Amino acid sequence: MASSTSDPRTPDARVRILSTEIIHAKNTQSPLERIPLTACDLRLILVGTIQKGLLFRNPTTDHPISRQTFIENLKSAFSKALALHHPFAGRLTADEHPDGSASVYIDCNDAGCPFLHAVADGVTVDEALHQPFPVPPAPILWSFFPSNDVKNYHGFTKPLMSVQITELVDGVFIGWTVNHAVADGTAHWNFHRIWSSICRGCGEYSPPVFTRDSSLEAIKKKIRVPWSRIRDFNEDNLVIPPLKEGTFHFSRKKIAELKAKGTAELSGSRQISSLQILIAHLWRAVIRSRAGAVIRSRADPDPESETRFGIQVGFRGRFEPNKFPAHYFGNAIGGRTVTMKVKDLVAEGSLGRVAAEVNRVVAETTDEKLREAVEDWIESPDMRGLGEFTEGALMLSGSPRFDAYGTDFGWGKAVAVRSGWANKCDGKVTVFPGPETGSMGFEICLSPECFDRLRMDSEFMAAVTE
């Protein structure tokens, strides 16, 4: 379940790149030449990319598709999907202004996306799935992702998307890296849903929407940001402290039990979602684990101190009367922070109260508050790198609504969804839908001692199914 971090730019020797081909967005019919980055895009330009991937076992049908045919189908369908999402084949560009500011765009110049074919010698699906690797080497899984050395701010010269198909002994891993200043989770999963549909010969899908015509007026503005902040920024050699990560699964039944417990603590006074109760469950366990580590260091944990959990709120479907379209291409998310005192978080019987506080922050995130937050950002752009985020905070990315396990390339349902090394830090939490309806998986990244204590936390682990 757990693995320890090291420099992923040193690939595992068992992974060999067989070929690299640049795929272009052929036959695109879009007249768009440049697409401006919005406030939602630019606030992410200094952090890492999105790295996600799906692990498949070999099909067990009587007439399986050959590996070579499968990979050729992937490549052909990728080119067709890219034609519908041509900005992915471009690069970033900037118009510099006399006052030292700049406006940043996607230059839809069809520079192309790398498509890598690799093989992992002797590596099985189970080995990749469970990551039984010694410390300190990085898990071999990270070598299944392309462009491990690319950050969002490299997009002026580096690809905005790259894909790697890695053959295993008994399966295939499809991994991709996407510039997060260009697309959010919804946008890139939409791309992969269409790509997989084309692979299966399905012609019905909704194309992306590139126009910035929402009722959120700030999205339409040509934003100026301090150019030197982007031009001179460099976290290429950022040293990440030792970390451990692992994926914890929660079944629909276990989630329902947690919700029943939390609701009972609230006397049924508030409805809480499955994600909100899991956030509360995890947050309390991590703070207990961190407090244990502090006690062990012979310092006194301060129960009056505050702890924070960062969440993302989606814009799609909001801002009347011209709502953000469901298939909007770009970033349509805004950050919110839930803050609680340590003593309130870890108090006996506080699961429901913590979930209710998460619920309150989400419920109070009105269109007007989001609009004000975007306008404030435009007035005073705040672009931070990974090393500049609040130390000790937990941050949630991903969504249980992303239909990862429904992304079928023709080999059936994936056995696992995983992420690469990008944006790994102490407190990073990524949520995925689980393989069964109503289940969820949390990929959790913590300091080694805190992670080990989390796995020994009986209250937390009682809800974990594997």
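Keep in mind the model is a prediction, meaning the values are calculated, not measured. Along the sequence shown, residues are numbered consecutively beginning with 1.
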> Do F442 and T430 pass the side chain to side chain contact (heavy atoms under 4.5 Å, CB included) test, and can you show the C-alpha distance, the side-chain angles, and the key distance before you say yes or no?
Replying inline: CA-CA 6 Å; F442 273 22; T430 304; over 6 Å; no
>> Please determine whether salt bridge (Lys or Arg N to Asp or Glu O under 4.0 Å) holds for the pair K261 and E257, giving the CA-CA distance in whole Å, both sets of side-chain angles, and the decisive distance to 0.1 Å.
In response: CA-CA 6 Å; K261 179 181 177 182; E257 290 174 358; over 6 Å; no
>> Assess the residue pair R353 and E265 against the criterion (salt bridge (Lys or Arg N to Asp or Glu O under 4.0 Å)); give the C-alpha distance rounded to whole Å, side-chain angles, the decisive distance to 0.1 Å, and a yes or no.
In response: CA-CA 8 Å; R353 291 199 305 274; E265 291 174 356; over 6 Å; no
> Given I22 and F115, is the side chain to side chain contact (heavy atoms under 4.5 Å, CB included) satisfied, shown in steps?
Replying inline: CA-CA 6 Å; I22 302 300; F115 188 99; over 6 Å; no
> What's the verdict on salt bridge (Lys or Arg N to Asp or Glu O under 4.0 Å) for K341 and E304, showing C-alpha distance, side-chain angles and the deciding distance?
Replying inline: CA-CA 6 Å; K341 287 186 176 181; E304 296 294 332; 3.1 Å; yes
>> Determine whether N423 and Q51 satisfy the following criterion, side chain to side chain donor-acceptor pair (under 3.5 Å), listing intermediate values before the conclusion.
In response: CA-CA 9 Å; N423 295 318; Q51 289 188 309; over 6 Å; no
>> Using salt bridge (Lys or Arg N to Asp or Glu O under 4.0 Å), reason through E459 and R288 one step at a time and then give a plain yes or no.
In response: CA-CA 11 Å; E459 182 180 341; R288 287 196 301 267; 3.7 Å; yes
> Should S397 and V429 be marked as a side chain to side chain contact (heavy atoms under 4.5 Å, CB included) after you check the CA-CA gap, both sets of side-chain angles, and the distance that decides it?
Replying inline: CA-CA 6 Å; S397 67; V429 180; over 6 Å; no
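Summarising the local packing, CZ of R252 is surrounded by 12 or fewer heavy atoms from other residues, nucleotides or ligands at distances under 6.0 Å. The number of heavy-atom neighbours closer than 6.0 Å to CZ of R231, taken from other residues, nucleotides and ligands shown, is above 12. By the 6.0 Å contact criterion, NZ on K413 is enclosed, its count of non-hydrogen atoms from other residues, nucleotides or ligands being greater than 12.
A donor-acceptor pair under 3.5 Å is formed between the side chain of S273 and the backbone N or O of Q276. Checked by atom type and distance alone, the side chain of N152 never pairs as donor or acceptor with a backbone atom of N179 at under 3.5 Å. With hydrogens and angles disregarded, a donor-acceptor distance shorter than 3.5 Å links the side chain of R229 to the backbone of M383. Judged purely by atom type and a 3.5 angstrom limit, S143 uses its side chain to pair as donor or acceptor with the backbone of D12. A donor-acceptor pair is defined here as one N or O able to donate and one able to accept, closer than 3.5 Å; such a pair exists between the side chain of R200 and the backbone of D408. D170 places a side-chain N or O within donor-acceptor distance of the main-chain N or O of V125, the cut-off being under 3.5 Å.
Looking at P114 and V163, their side chains never come closer than 4.5 Å, going by heavy atoms from C-beta outward. Contact annotation: the side chain of Q312 never approaches that of L396 to less than 4.5 Å [non-hydrogen atoms, C-beta and beyond]. In this structure, F248 and L454 have side chains that are in contact, with non-hydrogen atoms separated by less than 4.5 Å. In this structure the side chain of R316 reaches within 4.5 angstrom of the side chain of T186, judged on heavy atoms. The side-chain heavy atoms of I50 and T177, taken from C-beta on, include no pair separated by under 4.5 Å. W421 has its side chain within reach of N148: a pair of non-hydrogen atoms, C-beta onward, lies under 4.5 Å apart. Using a 4.5 Å heavy-atom threshold, the side chains of L92 and I45 count as touching. Between V313 and I333, every side-chain heavy-atom pair lies at or beyond the 4.5 Å cut-off.
The distance from the CD1 atom of I23 to the CD atom of E21 is 4.0 Å, given to the nearest 0.5 Å. Taking CD1 of I272 as the reference point, atom CD1 of I279 lies at 11.0 Å (rounded to 0.5 Å). In this structure, CG on L74 lies 6.5 Å from CZ on F409, to the nearest 0.5 angstrom. With values rounded to the nearest 0.5 angstrom, S289 atom OG is found 10.0 Å from F451 atom CZ.
Taking the six-membered ring for Trp, W411 and F70 have ring centres closer than 6.0 Å. You'll find the ring centres of W283 and F309 inside the 6.0 Å limit. Here W227 and F156 bring their ring centres to under 6.0 angstrom of each other.
With respect to H180, the side-chain hydrogen bond (donor to acceptor under 3.5 Å, both in side chains) criterion is satisfied by exactly one of T49, D41, N331: N331. Put simply, the residue from W176, Y205, F329, F78 that forms a ring pair (Phe, Tyr, Trp, His ring centres under 6.0 Å) with F191 is F78. Checked against I140 for a side-chain contact (heavy atoms from CB on, under 4.5 Å), the options T166, L168, V15 give a single hit: V15.
Residues L266 and G352 approach most closely at CD1-O, 3.5 Å, considering heavy atoms. Shown here for L243 and S447, the closest heavy-atom pair between the two residues is CD2-N, 4.2 Å. In terms of heavy atoms, I255 sits closest to F250 at CD1-O, 3.7 Å. Closest approach of A118 and I17 over heavy atoms only: CB-CD1, 3.7 Å. Between P433 and F402, the shortest heavy-atom distance links the atoms CG-O, 2.8 Å. Here the closest non-hydrogen pair linking A347 and R284 is O-NH2, 3.0 Å.
Ring geometry for H188 against H192 counts as perpendicular: the plane angle is over 60°, on a 0 to 90° scale with 30° as the lower cut.
Defined by atom type and a distance below 3.5 Å, a donor-acceptor pair is present between the side-chain atoms of S419 and K424. Side-chain contact, N359 with Q271: no donor N or O sits under 3.5 Å from an acceptor N or O. Between R91 and T157, the side chains place no donor N or O within less than 3.5 Å of an acceptor N or O (distance only, hydrogens not considered). Looking at T407 and S196, their side chains never bring a donor and an acceptor atom within 3.5 Å of each other. Counting only N and O atoms by type, the side chains of E167 and H117 include a donor and acceptor under 3.5 Å apart. Side-chain atoms of T339 and E306 form no donor-acceptor pair, as typed in the model, at a separation below 3.5 Å.
Using a 4.0 Å cut-off between charged nitrogen and carboxylate oxygen, K369 and E372 do not count as a salt-bridge pair. Remark: E245 does not engage K428 in a salt bridge, criterion side-chain N to carboxylate O under 4.0 Å. Classification of D382 and R43 as a salt-bridged pair fails, no side-chain N sitting under 4.0 Å from a carboxylate O. Looking at D403 and R193, no side-chain N of the basic residue comes within less than 4.0 Å of a carboxylate O on the acidic one, giving no salt bridge. Ionic pairing of E235 and K151 is not present here: no N-O contact between side-chain nitrogen and carboxylate oxygen is shorter than 4.0 angstrom. Taking a cutoff of 4.0 Å between a charged side-chain nitrogen and a carboxylate oxygen, E375 and R371 do not qualify as a salt bridge. A salt bridge is defined here as a Lys NZ or Arg NE, NH1 or NH2 lying under 4.0 Å from an Asp or Glu carboxylate O, and R318 with D367 meets this definition. The pair K244-D426 does not count as a salt bridge, with every side-chain nitrogen at least 4.0 angstrom from each carboxylate oxygen.
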